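Model, not experiment: these values are computed from the prediction.
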Amino acid sequence: MSKLSKKEQRIRRHRHIRNKVAGTAAQPRLCVCRTGAHIYTQVIDDEAGITLAAASTVEKDFRAQKLSANVKSAEVIGQAIAERALAKDIKKVVFDRGGFPYHGCVKALADAARKAGLEF
């Protein structure tokens with residue numbers, strides 16, 4: 001049996017999570033992706049297959065703030081995605097951590113989104 005790399009392990013966990021977590025029009029999925037340099041989030045309606053709102057550290061507004069993949073940046077992105085979702089009357093979402101551990105950046109993003117008004 002061959003040893004899986006960290007990336008392969010994360011992808012395997014993500015597939016397992018996605019079998020149970022799906023976004024609907026009433027309660028879309030808040031998806032988080034974290035790389036070594038950036039954090040990306042999307043609010044997705046899986047039934048229609050569309051992204052309803054998105055925020056990431058690579059956006060022009062956030063590039064000026066020099067945000068990267070750290071807890072401080074995750075809090076800013078979490079607040080931004082919550083504001084954009086609430087602007088489109090999305091109050092309740094299902095959280096999809098994308099196979100990443102619920103710790104550090106991912107936890108900070110979720111807590112900031114909750115504090116800004118999103119419910120999961």
Within the structure provided, determine whether Glu8 and Lys3 are in side-chain contact (heavy-atom separation under 4.5 Å). no

Supply the members, apart from Val21, of the Ile/Leu/Val/Met/Phe/Trp/Tyr cluster built from side-chain contacts under 4.5 Å; use none for a lone residue. Ile17, Val94

Is there a path of hydrophobic side-chain contacts, each under 4.5 Å between heavy atoms of I/L/V/M/F/W/Y residues, joining Ile90 to Ile50? yes

Once you round to the nearest 0.5 Å, how far does CD1 of Ile81 lie from CG of Leu109? 8.5 Å

I'd like to know if the side chain of Gln27 reaches the main chain of Thr24, judged simply by a donor and an acceptor atom lying under 3.5 Å from each other, with no hydrogens or angles considered. no

Using a 6.0 Å cut-off, check whether atom CZ of Arg12 has over 12 heavy atoms from anything other than its own residue. no

Within the 4.5 Å heavy-atom criterion, are Glu119 and Val93 side-chain neighbours or not? no

What's the separation between atom OG1 in Thr57 and atom CD in Gln65, rounded to the nearest 0.5 Å? 10.5 Å

Hey, quick one: are Phe100 and Tyr40 part of the same hydrophobic cluster, counting side-chain heavy atoms closer than 4.5 Å, chains of contacts allowed? no

Exam field: side chain Lys88 to backbone Ala53, donor-acceptor pair closer than 3.5 Å: no

Show the nearest heavy-atom pair for residues Ile77 and Ala55, with the distance to one decimal. CG2-O, 4.0 Å

Quick one: name the residues clustered hydrophobically with Ile11, using the 4.5 Å side-chain heavy-atom rule over I, L, V, M, F, W, Y, and just say none if it's on its own. none

Nearest heavy-atom approach of Ala74 to Ala108 is CB-CB, 4.1 Å

Can you give me the closest heavy-atom contact between Ala54 and Glu59, atom names plus distance? O-OE2, 3.6 Å

Side-chain contact, heavy-atom cut-off 4.5 Å: His14 with Asp96? yes

Run the side-chain contact (heavy atoms from CB on, under 4.5 Å) test on Thr41 and Arg84 for me, step by step, so that the C-alpha distance in whole Å, both residues' side-chain angles and the decisive distance to 0.1 Å come before the verdict. CA-CA 11 Å; Thr41 61; Arg84 293 174 186 182; over 6 Å; no

Under a 4.5 Å side-chain heavy-atom rule over Ile, Leu, Val, Met, Phe, Trp and Tyr, are Ile39 and Leu67 clustered together? yes

Could you report the tightest heavy-atom contact between Ile44 and Gln42, atom names first, then the distance? CD1-OE1, 3.2 Å

Any idea which heavy atoms bring Ala82 and Ala116 closest together, and the distance? CB-CB, 3.5 Å

Would you call the rings of Phe95 and Phe120 parallel, tilted or perpendicular if under 30° counts as parallel and over 60° as perpendicular? parallel

Ignoring hydrogens and geometry, is there a side-chain-to-backbone donor-acceptor pair from Arg29 to Gly23 under 3.5 Å? no

Would you compute the distance between atom OG of Ser56 and atom CZ of Arg34 and round it to the nearest 0.5 angstrom? 15.0 Å

Donor-acceptor pair, side chain of Arg10 and main chain of Gly98, under 3.5 angstrom: yes

What heavy-atom pair brings Asp111 and Tyr102 nearest, and what distance separates the two atoms? OD1-OH, 3.8 Å

